[in-house]
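From a predicted model like this one, the values you see are computed outputs, not experimental measurements.
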Amino acid sequence: LPDVWAKTSPTNIVGSLAEVLQRALSLDFVYVHAHREEGATLEAVRTNRQGLPSQTAQSFRQTLSPWLKSDALGVHSISNPCGSGPVRLIVLSLGHGAHGFVAGGSARPDFPTETEQLLLRVGANQAEIVLERKWADEALRESQQRLQATYYCAPVGIAETSPEGKFVKVNEELCRTLGYNQDELLQRSIEDVTHAEDCSLDIDLHRQLIAGEIPSYQLEKRFVRKDGSIVWTEIRRSAVRDAEGAPLYTIGALRDITERKRAQDALREAKGELENRVRERTADLQRAIDKQKEAEAVLRQHQQELQSLAG
């Protein structure tokens, strides 16, 4: 069964388990309930009666709910949920009890025999193993899809680079920022697209990161776009390593800060211009003061000369 179940869905696994156990053991019914921490509950019921309505699984769950508990595992005597008279009910955990239950019922007074209990447990354990693997694969696939969606739709540029500094994976925002398409960037390295004046610092920090000398780094640097224009960016980069600590690749996130840099330059220019004007006005004012002092000195001298003549 595990080989067959490996190729089908969790819903079909639950239904198949119920059907195989009911037919192999000739039971009045088998009910299987399985669930994962995040996701829909799966349930199936197979009975020795034909033409049961599709809502039977739900009605069985409601009928058997007092016994579908971890503290109610074992054998019980209950009213037959799909017929008349009493039946012997056995409830087993699906695997280790973390993912549901398997319930089988029979009107035979000797049910369940040791062999029947063993077969029920083996079936439940096998199903749990396959379901766990299936759910783990689904969770991994969903996680990868979310990560991929986040990666490619992120509002910041993201790049994975080899230990040698070659681009190995880039997102659309990085391509837009640098003006290259994805294939073009994957043929280039960090050094190929970095402004010459900023290249040595980034390359040296990247080397330290790969060597394990620093855990990560952040810097502002200039890239040269495909059209030759300059774009200022802020970069944060860290390394991904294997279980032995060897570097696999680095991952960096960057955002375009060109407008911020232009605003800073404009502010710096405006500040410099204002300071120049203040210096010029101060110099003009000082010259005016000096001239006034000169005029006052000349006036005092004339006054002294007039006083001398009058005396």
| message | Let me check something: do Leu73 and Leu64 share a hydrophobic cluster, defined by ILVMFWY side-chain heavy atoms less than 4.5 Å apart, either directly or through other members? | response | yes

| field | Inter-residue atom distance Gln145.CD - Glu138.CD, 0.5 Å rounding | value | 10.5 Å

| Should Phe223 and Leu254 count as side-chain neighbours, where that means a heavy-atom distance under 4.5 Å? | yes

| How about Val231 and Thr233: do any of their side-chain heavy atoms sit closer than 4.5 Å? | yes

| pair Arg133-Ile129: side-chain heavy atoms closer than 4.5 Å | yes

| query | Of the non-hydrogen atoms in Ala44 and Gly15, which two are nearest, and what is the gap between them? | reply | CB-CA, 3.7 Å

| message | Determine whether a donor-acceptor pair (N or O, by modelled atom type, separation under 3.5 Å) exists between the side chain of Thr8 and the backbone of Asn12. | response | no

| task | Report the residues that fulfil side chain to side chain donor-acceptor pair (under 3.5 Å) with Gln187, sequence neighbours left out, ordered by chain and then residue number. | result | none

| query | So, does Ser162 use its side chain to make a donor-acceptor pair with the main chain of Glu164 at under 3.5 Å? | reply | yes

| Counting only N and O atoms by type, is there a donor-acceptor contact under 3.5 Å from the side chain of Arg188 to the main-chain atoms of Glu184? | yes

| message | If we ignore hydrogens and angles and just use 3.5 Å, is the side chain of Asp204 paired with the main-chain N or O of Ser200 as donor and acceptor? | response | no

| query | Are the side chain of Asn171 and the backbone of Ile158 linked by a donor-acceptor contact shorter than 3.5 Å? | reply | yes

| message | Please check this pair: side chain of Thr177 against backbone of Glu173, looking for a donor-acceptor N/O pair closer than 3.5 Å. | response | yes

| query | Between Lys221 and Glu234, is there a side-chain N and carboxylate O pair less than 4.0 Å apart? | reply | no

| task | Taking Ser16 for its side chain and Ile13 for its backbone only, find out whether a donor-acceptor pair lies under 3.5 Å. | result | no

| task | Measure across Glu116 and Thr113 and return the closest heavy-atom pair with its distance rounded to 0.1 Å. | result | OE1-N, 2.8 Å

| message | Looking at Arg222, is its backbone amide N or carbonyl O close enough to the side chain of Asp198 to form a donor-acceptor pair, meaning the two atoms are under 3.5 Å apart? | response | yes

| query | Are Gln286 and Thr282 close enough, and set up right, to give a side chain to side chain contact (heavy atoms under 4.5 Å, CB included), and what steps lead you there? | reply | CA-CA 6 Å; Gln286 186 62 50; Thr282 301; 5.6 Å; no

| request: Check the pair Val75 / Val91 against side chain to side chain contact (heavy atoms under 4.5 Å, CB included), numbers first and verdict last. | output: CA-CA 7 Å; Val75 180; Val91 180; over 6 Å; no

| query | Do Leu186 and Val193 belong together in a cluster built from hydrophobic side chains that touch within less than 4.5 Å? | reply | yes

| Does Glu213 CD have over 12 foreign heavy atoms under 6.0 Å away? | yes

| message | I need the Ser65 OG to Phe101 CZ distance, nearest 0.5 Å. | response | 11.0 Å

| said: Run the side chain to side chain contact (heavy atoms under 4.5 Å, CB included) test on Phe111 and Ile90 for me, step by step, so that the C-alpha distance in whole Å, both residues' side-chain angles and the decisive distance to 0.1 Å come before the verdict. | reply: CA-CA 9 Å; Phe111 177 79; Ile90 181 171; 3.7 Å; yes

| field | Leu25 with Leu17, same ILVMFWY side-chain cluster at under 4.5 Å | value | yes

| Short N-O contact, Glu220 and Arg260, less than 4.0 angstrom | yes

| query | With under 30° as parallel and over 60° as perpendicular, where do the rings of Trp67 and His76 fit, or are they tilted in between? | reply | tilted

| Pairwise distance CD1(Ile257) to CZ(Arg255) - rounded to 0.5 angstrom | 6.5 Å

| said: If the threshold is 4.0 Å, N to carboxylate O, is there a salt bridge linking Glu259 and Arg262? | reply: yes

| task | Check for a donor-acceptor pair, side chain of Gln182 on one end and backbone N or O of Val170 on the other, with a separation under 3.5 Å. | result | yes

| query | Is there a donor in the side chain of Ser189 and an acceptor in the side chain of Glu191, or the other way round, less than 3.5 Å apart? | reply | no

| Do Leu205 and Leu209 have side chains that get closer than 4.5 Å, going by heavy atoms? | no

| task | Considering only NZ, NE, NH1 and NH2 on the basic side and carboxylate oxygens on the acidic side, decide whether Glu172 and Arg176 come within less than 4.0 Å. | result | no

| Is any side-chain heavy atom of Asp28 less than 4.5 Å from a side-chain heavy atom of Thr47? | no

| task | Flag yes if Val168 and Ile190 sit in one hydrophobic cluster, no otherwise; membership is Ile, Leu, Val, Met, Phe, Trp, Tyr, and two members link when side-chain heavy atoms are under 4.5 Å apart. | result | no

| Basic-acidic side-chain contact under 4.0 Å: Glu19, Arg23 | yes

| query | Does the side chain of Thr250 reach to within under 4.5 Å of the side chain of His206, using non-hydrogen atoms? | reply | yes

| request: Work out which heavy atom in Ala103 is nearest to a heavy atom in Leu89; give both atom names and the distance. | output: CB-CD1, 3.9 Å

| Say you draw a straight line from OG of Ser106 to CZ of Phe29; how long is it, rounded to the nearest 0.5 Å? | 9.0 Å

| field | Shared hydrophobic cluster, Trp232 / Leu174 (ILVMFWY, side-chain heavy atoms < 4.5 Å) | value | no

| Hey, mind stepping through Ile251 and Ser238 against side chain to side chain contact (heavy atoms under 4.5 Å, CB included) and telling me if it holds? | CA-CA 6 Å; Ile251 183 165; Ser238 58; 3.8 Å; yes

| request: Please indicate whether Arg279 has more than 12 foreign heavy atoms, meaning atoms of other residues, nucleotides or ligands, lying under 6.0 Å from its CZ. | output: yes

| Gap between atom OG of Ser93 and atom CG of Asn125 - 0.5 Å precision | 7.5 Å

| said: Between Arg237 and Asp202, does any side-chain N to carboxylate O distance fall below 4.0 Å? | reply: yes

| What is the minimum heavy-atom distance between Arg61 and Glu43, and which atoms define it? | NE-OE1, 2.8 Å

| message | To check you understand the geometry: which heavy-atom pair defines the closest contact between Asn48 and Leu27, and what is its length? | response | CB-O, 3.9 Å

| message | Is the shortest side-chain heavy-atom distance between Val224 and Thr194 below 4.5 Å? | response | no

| query | Can you tell me how far CZ of Phe167 sits from OH of Tyr180, rounded to the nearest 0.5 angstrom? | reply | 9.5 Å

| remark: On a heavy-atom basis, the closest approach of Cys175 and Asn181 is SG-C, 3.9 Å

| said: Could you tell me if the side chain of Val30 sits less than 4.5 Å from the side chain of Val45, heavy atoms only? | reply: no

| said: Surrounding CZ of Arg236 (heavy atoms of other residues, nucleotides or ligands, distance under 6.0 Å), is the total greater than 12? | reply: no

| query | Does the pair Asp137/Lys134 count as a salt bridge with the N-to-O cut at 4.0 Å? | reply | no

